[in-house]
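Comments concern the structure below.
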2 protein chains.
Amino acid sequence: MRIKRETDYAIRCVVHLVRRPGEVASIEEISKGILVPKKFLAKILQKLAGAGIVKSHRGAKGGFELARDPALINFLDIMEAIQPVEMNICAMDDRLCSLSNACAVHPVWVEVREEVRAILAIRNFARFRAGP
Amino acid sequence: MRIKRETDYAIRCVVHLVRRPGEVASIEEISKGILVPKKFLAKILQKLAGAGIVKSHRGAKGGFELARDPALINFLDIMEAIQPVEMNICAMDDRLCSLSNACAVHPVWVEVREEVRAILAIRNFARFRAGP
DNA sequence: ATAATCAAGATTAAATTAGTCCTGTTTTGT
DNA sequence: ACAAAACAGGACTAATTTAATCTTGATTAT
């Protein structure tokens, strides 16, 4: 079980923005900073903007900045924006779940899912601020 | 982030065996019981056998049984056998990690990975035993 | 106006996951 | 010994997901 490259990119992108507080960074600039293909990064930033994690500015001198304080953005926020924590397939095939006794497993996946979400939620981006 | 179908199958398979203590179940029988394609299930059982979770018996009247008490088999054991918890890509691209300041993220993924493994490890299969 | 920059859908390419096929080996029962 | 009932394991195919690019359009500072 591993995270997608896209999620890794998204997190590195947010870290990049955390380190440039108050600045508006262009896709070009971020792309060079974190070594991610420009067009692919553009898609990721759209998702982050859609989730309210970053704010976009269009037009010349446009770009992106964090939408709120890094302490108020956590790893779960990013995951939700890019690849929600689902865990469990059996939750999605109710027909099978109701017929087969095997789906005593279902509630276990639900618990695990919630605990994984909690683990991600307690990790915020304050730790990545530029040193004093 | 979701588990593979194969992992779901593997867990349902182990639950099936938990419910038939002392029996040797054939692939045919398990396959019908949990509604998983026979040949695919065969591959999964090979992995579970390789991980020492089930014991296989070849030849006529052959089949599979649990290798140990259900209380001593947990969800992490199954994951390790089918799709290890890795989480983190950045751990696997050291070149990038050492060059880019973005990889202050690396240790976070390592922590998350360990905690997810712990969550899976505390869930054993005793709960799926047939009722009294 | 125009150059810089984001928006968004369509498309392609690569990788992973899911599943099948075939051939061989082991074991039980006659 | 031999046939039938299983598992073993590699090669192969199909489906799905992930990764990335292409194209065209909209917005904004100067």
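In summary, of the residues considered (A/Leu45, A/Leu48, A/Leu17, A/Leu72), a side-chain contact (heavy atoms from CB on, under 4.5 Å) with A/Ile53 occurs for A/Leu48 alone.
Under 4.0 Å is where a charged nitrogen must lie from a carboxylate oxygen, and between A/Asp8 and A/Lys4 no such pair does. A salt bridge links A/Arg20 to A/Glu29: at least one charged side-chain nitrogen sits closer than 4.0 Å to a carboxylate oxygen.
Under the 30°/60° scheme for interplanar angles, the aromatic rings of B/Phe75 and A/Trp109 are found to stand perpendicular.
At D/dA20, one or more side-chain N or O atoms of A/Arg5 fall inside 4.0 Å of OP1 or OP2 (strictly under the cut-off). For B/Ser56, a side-chain nitrogen or oxygen approaches OP1 or OP2 of D/dA8 to under 4.0 Å. The shortest distance between the side-chain N/O atoms of B/Gln46 and the OP1/OP2 oxygens of D/dG9 is below 4.0 Å. For A/Tyr9 and D/dA20, the shortest distance from a side-chain N or O to OP1 or OP2 is below 4.0 Å.
Computed from coordinates, the A/Glu29 CD to C/dT5 C1' distance equals 14 Å when rounded to whole Å. We find that CD1 of A/Ile44 is positioned 11 Å from C1' of D/dT18, with the value rounded to whole Å. The separation between A/Leu41 atom CG and D/dC22 atom P is 16 Å, rounded to whole Å. In this structure, A/Lys4 places its NZ atom 17 Å from P of D/dT16, rounding to the nearest Å. Taking atom CZ on B/Arg2 and atom C1' on C/dT16, their separation rounds to 14 Å, with Å as the unit. Note: CD (B/Glu86) to C1' (C/dT16) measures 13 Å, nearest angstrom. Rounded to whole angstrom, the span from the CE atom of B/Met1 across to the P atom of D/dT17 amounts to 17 Å. Computed from coordinates, the B/Leu45 CG to D/dA6 P distance equals 15 Å when rounded to whole Å.
Taking CD of B/Gln83 as the reference point, atom OG1 of B/Thr7 lies at 3.0 Å (rounded to 0.5 Å).
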Problem - Chi angles and distances behind the salt bridge (Lys or Arg N to Asp or Glu O under 4.0 Å) call for B/Lys38, B/Glu28 - result: CA-CA 6 Å; B/Lys38 241 178 88 166; B/Glu28 177 81 25; 2.9 Å; yes

Practice task
Can you check each nucleotide of nucleotides 20-30 of chain C against protein heavy atoms at under 4.0 Å and return B for base, S for sugar-phosphate only, - for none, in 5' to 3' order?
Solution key: BBB-BBBBS--

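No side-chain heavy atom of B/Asn74 sits under 4.5 Å from any side-chain heavy atom of B/Ile122.
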